[in-house]
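Atoms within a ligand are numbered from 1 in the order they appear, just like the ligands themselves. The basis for the numbers below is simple: all heavy atoms, side chains too, and nothing from hydrogens, waters or symmetry mates.
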Amino acid sequence: MLEKRNVYRLPWSMNDNPIAWIEVTDICDIHCEGCYRQHLTGHKPLEQLKEEVQFFLRWRNPDNFSIAGGEPLLHPHIVDLVAHIAAQGVKPVILTNGRALTPPLLRELKKAGLAGFTMHIDSHQNRPQWRGKNEKELNELRQMYAEMVAAEGGLYLVFNATVYPSTFHEIPDVLSWGCRNIEKVQGLVFITYRTATLADTVATDAYDRRVDLGRLSYTRQQFDEHFVTSPEVYQIIKEHLPEYEASGYLGGSIRHDSYKWLIGALVGSRHGIYGSVGKRTMELAQTAHHLWTGRYLAYLSTAKIGSKIFWLSGWDATLRQAWKRWFKDVLRRPWRALDRVYLQSIGIIQAPDLLPDGRADMCDSCPDITIYDGKFVNSCRMDEYRLFGGFLSVVKGKQKASG
Ligand code: SF4
């Protein structure tokens, strides 16, 4: 059973966080149902982006830059930005839907110093040629990108998918595909869908003036379904893959019982999954990386770790189970001792929850903070700043005079 005391609370904070989320454009070439960004301003100039890089280096202490959007591959200076970030000694990672990715661009980005991709693919994206496909069918598209990135080599690849009530039961299909491709896929992330409903809702800005909530992209007239939670995603993964265990978490900014980020790492080879790393290994990884480099850790090139991870199984009970399964397997088939062992991270993110009093339960120590107007702002709610100058208060059925 998922209990906070059994999972390591990641030590990340506002000013010491491994992730810097830099948005290069708000233009995109598809429309995802769960997207929280709309086209208002277009591509940012390269000089502005370089200033933002310096701001993050000064105030965030990042280990990697998540280059996001919009669709960052559409930015005309994406290769220059990657090269600029890599030159600062920090890992550039591109968050993309993949549509603009070609083998020549991939080669150019790698040469510029790219560390890897987080690729967003799910069945609510309105992708031309892939409309109406379910998550299992979309594994064909995931496979195509996995082969393309693996063919170039030396880059890590994480796939993320937004989880809707209607696609929740399809999580095992994506998970099974990921496990079969553990040599090529370094991580999977499941992000639970959230929306604010307009019916019977009053939204006010920081000056208590009533505003039109419908101008935000993350609103719907009505949503009567049950929002999927992180513990539910954890549970369905666990039922499908008992070897899975979570090892790190971030809680909610308001609710004590939220799991906003839940991170785990599977240990396996091309023959199957042996188990997971436990909370002690996660704690050691964060602490040792911070001692060694001065920064916490978000992405790891797992190919370099291989079977060495088992050296830690002596002090990590969860990892010990993985080692035992690996050892039994090797006793039966000794040649498998030569097979490479990989790590594959499994992330679960529960997007902000609107509480009845108008506040939102956000991710405690939000890793996806970005810059708006010289200040850090949670990227998932930045459009409230861009459209209304600050966060909104949203209350159901509230009677209030408009300002
Ligand atoms: S609060 Fe931060 S980490 Fe959480 S969903 Fe929003 S942007 Fe992402």
Side-chain angles (χ1 to χ4, degrees), residues 9-24 26 32-38 52 56 59-70 72 93-96 118 120 122 158 160-164 187-196 216-219 227-234 246 248-263 296-299 345-355 358-373 375-387 390-394:
R9 198 285 187 189
L10 297 162
W12 308 346
S13 62
M14 167 83 84
N15 296 112
D16 198 356
N17 202 302
I19 300 175
W21 180 281
I22 186 164
E23 294 204 6
V24 299
D26 62 5
C32 305
E33 190 179 328
C35 184
Y36 47 69
R37 190 67 67 243
Q38 54 187 294
E52 289 191 7
F56 276 120
W59 294 108
R60 190 72 167 164
N61 195 27
D63 185 58
N64 81 276
F65 272 75
S66 292
I67 305 173
V93 177
I94 292 181
L95 278 57
T96 176
T118 293
H120 184 184
D122 69 50
V158 172
N160 69 33
T162 307
V163 177
Y164 300 83
L188 299 173
V189 181
F190 300 101
I191 305 163
T192 63
Y193 173 70
R194 291 291 183 272
T195 184
L216 291 167
S217 58
Y218 39 97
T219 57
F227 283 133
V228 177
T229 64
S230 290
E232 286 169 333
V233 177
Y234 166 88
Y249 80 95
L250 289 176
S253 58
I254 298 176
R255 289 188 56 149
H256 65 279
D257 55 352
S258 308
Y259 290 89
K260 288 296 178 175
W261 277 51
L262 202 49
I263 295 176
Y296 289 118
L297 180 66
Y299 289 92
S345 65
I346 302 291
I348 304 169
I349 298 176
Q350 182 174 314
D353 291 283
L354 207 51
L355 303 180
R359 295 178 299 164
D361 188 31
M362 312 285 287
C363 307
D364 192 8
S365 308
C366 166
D368 295 343
I369 280 226
T370 192
I371 298 172
Y372 177 77
D373 200 18
K375 288 188 272 305
F376 281 150
V377 174
N378 310 70
S379 60
C380 61
R381 297 183 63 195
M382 189 171 70
D383 275 5
E384 291 169 49
Y385 270 83
R386 298 203 303 162
L387 288 165
F391 284 155
L392 301 181
S393 171
V394 180

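Looking only at protein heavy atoms, the nearest one to atom 2 (Fe) of ligand 1 is Cys366 SG, 2.2 Å.
Not one N/O/S atom of Cys380, from backbone or side chain, sits under 2.8 Å from atom 4 (Fe) of ligand 1. Among the atoms of Cys363, none of the N, O or S atoms falls under 2.8 Å from atom 2 (Fe) of ligand 1.
Close contacts between ligand 1 and Met362 involve ligand atoms 1 (S) [criterion: under 4.0 Å to a heavy atom]. Listed by number with element, the atoms of ligand 1 under 4.0 angstrom from any heavy atom of Ser379 are 7 (S). Those atoms of ligand 1 that come under 4.0 Å of a heavy atom in Pro352, given as number and element, are 5 (S).
Nearest-residue assignment for atom 8 (Fe) of ligand 1 (options Leu250, Asp368, Asp361, Thr192; heavy-atom criterion): Asp368. For atom 1 (S) of ligand 1, the candidate residues are Val377, Asp364, Asn378; the nearest heavy-atom contact is made by Asn378.
Closest non-hydrogen pair, Cys35 versus Ser217, comes out as O-OG, 3.3 Å. Residue Ala196 comes nearest to Leu354 through the heavy atom pair CB-CD2, 4.3 Å, listed as atom of the first residue, atom of the second, then distance.
At a cut-off of 3.5 Å, with distance as the only test, no side-chain donor of Glu23 or Tyr372 sits close to an acceptor on the other residue. Between Asp122 and Thr162, the side chains place a donor N or O and an acceptor N or O closer than 3.5 Å (distance only, hydrogens not considered).
Remark: Tyr296 OH to Asn64 CG distance equals 15.5 Å, nearest 0.5 Å.
Between Asp353 and Arg255, none of the side-chain N atoms (NZ, or NE/NH1/NH2) sits under 4.0 Å from a carboxylate O, so this pair counts as no salt bridge.
Under a 3.5 Å cut-off, the side chain of Asp26 and the backbone N or O of Gly70 do not form any donor-acceptor pair.
Residue contacts with ligand 1 for Trp261 involve side-chain atoms from C-beta outward but no N, CA, C or O (heavy atoms, distance under 4.0 Å).
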